[in-house]
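Report on the following structure.
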Protein chains: 2
Amino acid sequence: MGRAKQFDPKVAVERAMQVFWRKGYGGTTPQDLVDALGIGKGSLYNAFGSKHRLFEAALECYRDKETATLVAMLEEPGPVKERLRRALTRLAETDLADPDHRGCLAVNTAAEFGRSDESAVRLVRRMFDRTEDAFRAAIEEGQRAGEIRPDRDPRAIGSLLLNTVVGLRVLARVADGPERLSLVIDGVIDTL
Amino acid sequence: MGRAKQFDPKVAVERAMQVFWRKGYGGTTPQDLVDALGIGKGSLYNAFGSKHRLFEAALECYRDKETATLVAMLEEPGPVKERLRRALTRLAETDLADPDHRGCLAVNTAAEFGRSDESAVRLVRRMFDRTEDAFRAAIEEGQRAGEIRPDRDPRAIGSLLLNTVVGLRVLARVADGPERLSLVIDGVIDTL
DNA sequence: CATATTTTGTACCTGAAGTTCAAGAAAAGG
DNA sequence: CCTTTTCTTGAACTTCAGGTACAAAATATG
């Protein structure tokens, strides 16, 4: 019973995610959210409680979509090394093509909050863990297929690739061209 | 003629740098700065014009100190690879030992502003360029000394090391231990 | 010492952030 | 169909960010 919501919370969170991604948490105002979600301030606070809680939901949404995309890219056909290269390249290209150069919401959040925000840090860590796991799985597959030397620690390479992606997405935020990013990607992939 | 300043602007900028480093640009209020610098608001705005101008000065100060530290570390005696490993390790250790886990001010600034702030982006780019240059110089030295294979592009390795550092300093902001960072450092250095 | 010039702290202003609330509208139950 | 419950809307409220204006104080220069 009671009046039904006039908007879809899923859609609202996704729109909020776009705003937080573009402007950061601190840079986003309730008014920005009201404008982007197309609902009144009251509804916003009734539905999500606070700017921060909405942010958590948005970050969770981002994390799920982003990791799903990465996993999908890593599951494409072809040699593992080529898949990895393609995944990184596509990531860099996407970031550079974005007119706002938003980079990665999780990385930006890590930089914005550090550990001063418990819930944010938890969400970011989880996203990083999942990303590393996805890379590790790909590496193990490559080792089983004989494409990657079996004497290297998959977890270590996973960490290294995670770190590479994090770096790339920061550099992409201020990059004026693709050169440096390409050098990085080639440099990393060629050592595998 | 006229009264002399009661405080040392250099010291003031350095203190401001500490505040911006800890709280970010958006998270720093004029009151924070007044408290940290120990001068009145009037003096602050008289001396620096605006929060943003003071931030630029602080970022410049940070950049100069930080790159000087890096260059000094890379100029220590010993094999180049060991110098690089030590430099990265010390960086990670410093970040983890910092109770606030502030990471790198330039990286945080890149993440906070992206390209929405022209002057900030310029300062960050310059810091990144200098860092890459420092690494490139070290690599070239290593190649001359026969420690590093001469068929690799020093600029590319410089980019790769820069990217590694940027990634490390983001991961350090949310890391709960040194394990992942160590894996990354060893993974990168061992491929040189 | 006189004066011009600068510094300094305080008081003040404007706008917005972040949230709450009262009043009304729509859906379900008796 | 009336009550109950939940949602909606927009205004109201509180606090503070960010910066300006000012008058008093201090000091280099002639």
Side-chain angles (χ1 to χ4, degrees), chain A residues 1-60 105 108-109 112-113 116-120 123, chain B residues 1-59 105 108-109 112-113 116-120:
Chain A
M1 50 185 124
R3 183 174 174 176
K5 281 206 172 68
Q6 302 292 102
F7 62 95
D8 182 349
K10 298 261 185 192
V11 174
V13 168
E14 207 165 316
R15 290 191 183 160
M17 184 255 281
Q18 297 291 339
V19 178
F20 284 126
W21 194 358
R22 185 153 44 80
K23 314 187 79 162
Y25 177 77
T28 299
T29 72
Q31 192 54 48
D32 291 331
L33 294 167
V34 164
D35 293 345
L37 307 202
I39 64 179
K41 245 184 213 178
S43 306
L44 198 162
Y45 277 84
N46 173 59
F48 301 107
S50 71
K51 182 186 165 187
H52 194 272
R53 296 251 303 274
L54 176 54
F55 177 70
E56 291 172 29
L59 186 50
E60 210 171 321
L105 178 57
N108 297 348
T109 301
E112 179 172 357
F113 288 118
S116 66
D117 185 317
E118 252 318 308
S119 53
L123 287 160
Chain B
M1 49 186 122
R3 182 177 172 177
K5 281 204 172 67
Q6 300 294 103
F7 63 94
D8 182 348
K10 298 260 185 192
V11 173
V13 167
E14 207 164 315
R15 289 191 183 161
M17 185 254 281
Q18 298 290 340
V19 179
F20 284 126
W21 195 358
R22 184 153 44 79
K23 314 187 81 161
Y25 178 77
T28 300
T29 72
Q31 192 54 48
D32 291 331
L33 294 168
V34 164
D35 294 345
L37 306 203
I39 64 178
K41 237 189 220 179
S43 307
L44 198 161
Y45 277 86
N46 173 58
F48 300 107
S50 70
K51 181 186 166 188
H52 194 273
R53 296 251 303 275
L54 176 54
F55 177 69
E56 291 172 29
L59 186 50
L105 178 58
N108 297 347
T109 301
E112 179 171 357
F113 288 118
S116 66
D117 185 316
E118 251 319 308
S119 53

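Because only heavy atoms are used, hydrogens play no part in the values below, and waters and symmetry mates are left out as well, while side chains stay in. First the proteins, then the strands, lettered A, B, ... as listed; each starts at 1. Because the structure is a prediction, the values reported are computed rather than measured.
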*Please confirm whether the backbone N or O of Gly24(A) pairs with a side-chain atom of Glu112(A), one donor and one acceptor, at under 3.5 Å?*
no
*Is a donor on one side and an acceptor on the other found under 3.5 Å between the side chain of Lys51(A) and the backbone of Thr28(A)?*
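Yes, the answer is positive, given that a donor and an acceptor are paired below the 3.5 Å cut-off.
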Gap between atoms [atom1] and [atom2], on [X] and [N] respectively (whole Å):
X        : N       : atom1 : atom2 : answer
Asn46(A) : dA25(C) : CG    : P     : 17 Å
Phe20(B) : dG18(D) : CZ    : C1'   : 12 Å
Leu33(A) : dG18(C) : CG    : P     : 9 Å
Phe55(A) : dG18(C) : CZ    : P     : 13 Å
Arg53(A) : dT20(C) : CZ    : C1'   : 15 Å
Leu37(A) : dT8(D)  : CG    : P     : 12 Å
Tyr45(A) : dT9(D)  : OH    : P     : 16 Å
Leu54(B) : dG19(D) : CG    : P     : 11 Å

*With heavy atoms under 4.0 Å as the rule, sort Phe7(B) into base, sugar-phosphate or nothing.*
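If one applies the 4.0 Å heavy-atom cut-off, Phe7(B) turns out to touch the sugar-phosphate alone, with no base involved.
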*Ignoring backbone atoms, test whether Ser50(A) places a side-chain nitrogen or oxygen under 4.0 Å from the OP1 or OP2 oxygen of dG18(C).*
no
For a quick test of reading the model, state the closest non-hydrogen atom pair linking [X] to [Y] and the distance between them.
X        : Y         : value
Leu59(A) : Leu123(A) : CD2-CB, 3.8 Å
His52(B) : Ser119(B) : CE1-OG, 3.1 Å
Phe48(A) : Ala12(A)  : CZ-CB, 4.0 Å
Leu37(B) : Ala16(B)  : CD2-N, 3.5 Å
Val34(A) : Gly40(A)  : CG2-C, 4.3 Å

*Donor-acceptor pair between Asp32(A) and Thr29(A) side chains, under 3.5 angstrom*: yes
*Summarise protein proximity over nucleotides 11-17 of chain C in one line of letters, 5' to 3': B for base, S for sugar-phosphate only, - for none, counting protein heavy atoms closer than 4.0 Å.*
------S
*Return the orientation label for the Phe20(A) and Phe55(A) ring planes: parallel under 30°, perpendicular over 60°, tilted otherwise.*
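Because their plane-to-plane angle is over 60°, the rings of Phe20(A) and Phe55(A) count as perpendicular.
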_What's the angle between the local helix axes at either end of the helix from dC1(C)-dG30(D) to dG30(C)-dC1(D), using five pairs per end and rounding to 10 degrees?_
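What I find for the helix from dC1(C)-dG30(D) to dG30(C)-dC1(D) is an axis angle of 0°.
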*Report the nucleotide, chosen from dG9(C), dT9(D), dG18(C), that has the shortest atom-to-atom distance to any side-chain atom of Ser43(B).*
dG9(C)
